[in-house]
Amino acid sequence: MKIATFNINGVRARIETLTGWLSEAQPDVVVLQEIKTQDEGFPRESIADLGYNIQTHGQKGFNGVAILSKLPLEDVSRGLPGDDGDEQARYIEATVVGHRALRIAGLYLPNGNPQPGPKFDYKLAWMERLRARAKALLATEMPAVMLGDYNVIPEPRDAAFPEKWVNDALYQPESRAALRRIVFDGWADAVRLRHPASTRGPFTFWDYQAGAWQRDNGIRIDHVLLSPQAADLLIDLGIDRDERAKDKPSDHVPVWIDLDA
DNA sequence: ATGGTGGTGTGACCA
């Protein structure tokens, strides 16, 4: 089962980018971030035409996440538990039933800039809520995958120029420590499983500005975390870097895994 | 030191 994450940066503006990639890559399950639309504005038809079931958790203008799946989606839940007052659409979960059942969590972690400030505080609080939810998923002992745009650069080798990020929320010691705490509870970072010795990258995001793509000035912020039961099923992993060079690209590229599920 | 690009929706915010 091929499962991917893609921050699409506006699904209506980039519907042809998305359908072109779906047709080529043929993922079974995709979590999308930054759909930037309410549920009723989501371009369902052109995605359903490719054989996908669609579950959205949209918001007007900003944020918004979705799950697309060629297999049926069950027990869908929207929103990250732990704060009933949180209005931002950044989290969706569902169960996908292949020959095994898998729990999929698609997330768009807060950017947190500028830091310090209320947005950074929201990021760190959101990460504590994510850790609690992640622990609950581990406790089920069901194969689980938590993937999406984490907006955290884990280590210096995850940036082309780490020194440029020292004042950025994505690279603060607090952000990095919060991600480590989640991972150390029992998750595997799938990209690092497959690229353990790389001293530079691989990257998943290149800014639109200043020729970042042309200079390969990238960062790794889109992550795939696997529960132990899911890690046991890992067959393959890829980062569709070529998508960044195409017309009307997102600033992120898809990251995918193939699971024996 | 700088939002230089891009989406949303028509102001100004978000990344």
Side-chain angles (χ1 to χ4, degrees), chain A residues 5-21 30-44 46-47 56-66 79-80 86-92 106-127 130 147-154 158-172 174-176 178-179 203-223 241 243-255:
Chain A
T5 175
F6 195 0
N7 180 322
I8 194 65
N9 189 19
V11 70
R12 286 178 294 176
R14 251 177 272 289
I15 185 60
E16 286 169 14
T17 303
L18 177 60
T19 54
W21 171 72
V30 183
V31 299
L32 297 175
Q33 303 88 39
E34 288 204 86
I35 62 174
K36 296 188 176 180
T37 176
Q38 298 175 99
D39 295 336
E40 50 274 31
F42 192 90
R44 302 186 145 264
S46 44
I47 295 170
T56 61
H57 182 35
Q59 180 179 343
K60 189 183 173 75
F62 311 111
N63 306 323
V65 291
L80 181 62
D86 186 357
E87 306 272 313
Q88 300 192 30
R90 297 179 173 275
Y91 189 86
I92 187 167
L107 63 101
Y108 175 46
L109 206 145
N111 174 296
N113 281 304
Q115 76 75 34
K119 290 187 176 178
F120 190 58
D121 296 342
Y122 173 68
K123 176 180 193 142
L124 296 180
W126 203 95
M127 292 186 82
L130 180 62
L147 70 172
D149 177 358
Y150 279 73
N151 268 318
V152 177
I153 301 167
D158 295 311
F161 300 99
E163 66 279 8
K164 303 274 193 200
W165 296 91
V166 292
N167 293 316
D168 195 287
L170 277 58
Y171 194 57
Q172 289 312 293
E174 296 94 325
S175 311
R176 294 165 58 192
L179 179 57
F203 304 134
T204 66
F205 168 95
W206 295 260
D207 201 285
Y208 290 121
Q209 299 178 84
W213 167 247
Q214 288 76 10
R215 295 162 199 247
D216 196 25
N217 176 10
I219 54 177
R220 185 172 77 95
I221 55 175
D222 299 274
H223 304 305
R241 221 186 120 90
E243 291 301 308
R244 189 63 180 78
K246 294 186 177 171
D247 289 339
K248 212 161 161 56
S250 171
D251 40 7
H252 297 250
V253 296
V255 181

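Side chains are part of it too, since the values below use all heavy atoms of this structure and drop only hydrogens, waters and symmetry mates. We name chains A, B, ... by the order of the sequence lines, and we start the count at 1 in each one.
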Please give me the minimum heavy-atom distance between [X] and [Y], naming the atom from each residue.
X: A:K36; Y: A:N9; answer: NZ-OD1, 2.9 Å
X: A:A66; Y: A:F42; answer: CB-CE1, 4.1 Å
X: A:R241; Y: A:V253; answer: O-CG1, 4.0 Å
X: A:N111; Y: A:A169; answer: O-CB, 3.4 Å
X: A:P110; Y: A:N151; answer: O-CB, 3.7 Å
X: A:W165; Y: A:A159; answer: CD1-CB, 4.0 Å

In whole angstrom, what separates [X]'s [atom1] from [N]'s [atom2]?
X: A:N113; N: B:dT2; atom1: CG; atom2: P; result: 13 Å
X: A:Q115; N: B:dC14; atom1: CD; atom2: P; result: 16 Å
X: A:E34; N: B:dC13; atom1: CD; atom2: P; result: 18 Å
X: A:N217; N: B:dG4; atom1: CG; atom2: C1'; result: 13 Å
X: A:K164; N: B:dA1; atom1: NZ; atom2: P; result: 12 Å
X: A:Q59; N: B:dA15; atom1: CD; atom2: P; result: 10 Å
X: A:H252; N: B:dT5; atom1: NE2; atom2: P; result: 18 Å
X: A:W206; N: B:dG6; atom1: CH2; atom2: P; result: 16 Å

What's the gap between [N] and [M] when it is taken at their [atom1] atoms, as a whole Å value?
N: B:dT2; M: B:dT8; atom1: P; result: 27 Å
N: B:dT10; M: B:dG6; atom1: C1'; result: 16 Å
N: B:dG4; M: B:dA15; atom1: C1'; result: 14 Å
N: B:dT5; M: B:dG9; atom1: P; result: 22 Å

Annotated structure of DNA chain B as dot-bracket, pair cut-off 3.5 Å, Watson-Crick or G-U only, | for inter-strand, is ....((((...))))
Using the side-chain heavy atoms of [X], tell me which of these nucleotides is nearest: [options].
X: A:R12; options: B:dG9, B:dG6, B:dG7; answer: B:dG9
X: A:Y208; options: B:dG6, B:dG7, B:dA15; answer: B:dG6
X: A:A210; options: B:dA15, B:dG7, B:dG4; answer: B:dG4
X: A:K36; options: B:dG7, B:dA15, B:dG9; answer: B:dG7

Item to complete: Select from A:N111 and A:N9 the residue whose nearest nucleotide in DNA chain B is closer to the 5' end of that strand.
Response: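 Its nearest nucleotide lies further toward 5', so the answer is A:N9.
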(request) Name the residue closer to the 5' end of DNA chain B, choosing between A:G112 and A:G211 according to the nucleotide with the nearest heavy atom. (result)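 Here A:G211 is the residue nearer the 5' end.
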**Prompt:** Sequence neighbours excluded, which residues qualify as side chain to side chain donor-acceptor pair (under 3.5 Å) partners of A:E243?
**Reply:**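 A:E243: side chain to side chain donor-acceptor pair (under 3.5 Å) contacts with A:K246.
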Give [X] one of three labels, base, sugar-phosphate or nothing, depending on what nucleic acid heavy atoms sit under 4.0 Å from its own.
X: A:Y108; answer: sugar-phosphate
X: A:R215; answer: nothing
X: A:D207; answer: base

### Query
So does A:K119 get a side-chain nitrogen or oxygen closer than 4.0 Å to the phosphate oxygens (OP1/OP2) of B:dC14?
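Yes, such a contact exists.
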- Message: Using the ring-ring contact (aromatic ring centres under 6.0 Å, His included) criterion, which residues pair with A:H252? Sequence neighbours excluded.
- Response: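 Scan of A:H252 (ring-ring contact (aromatic ring centres under 6.0 Å, His included), adjacent residues dropped) gives A:F205.
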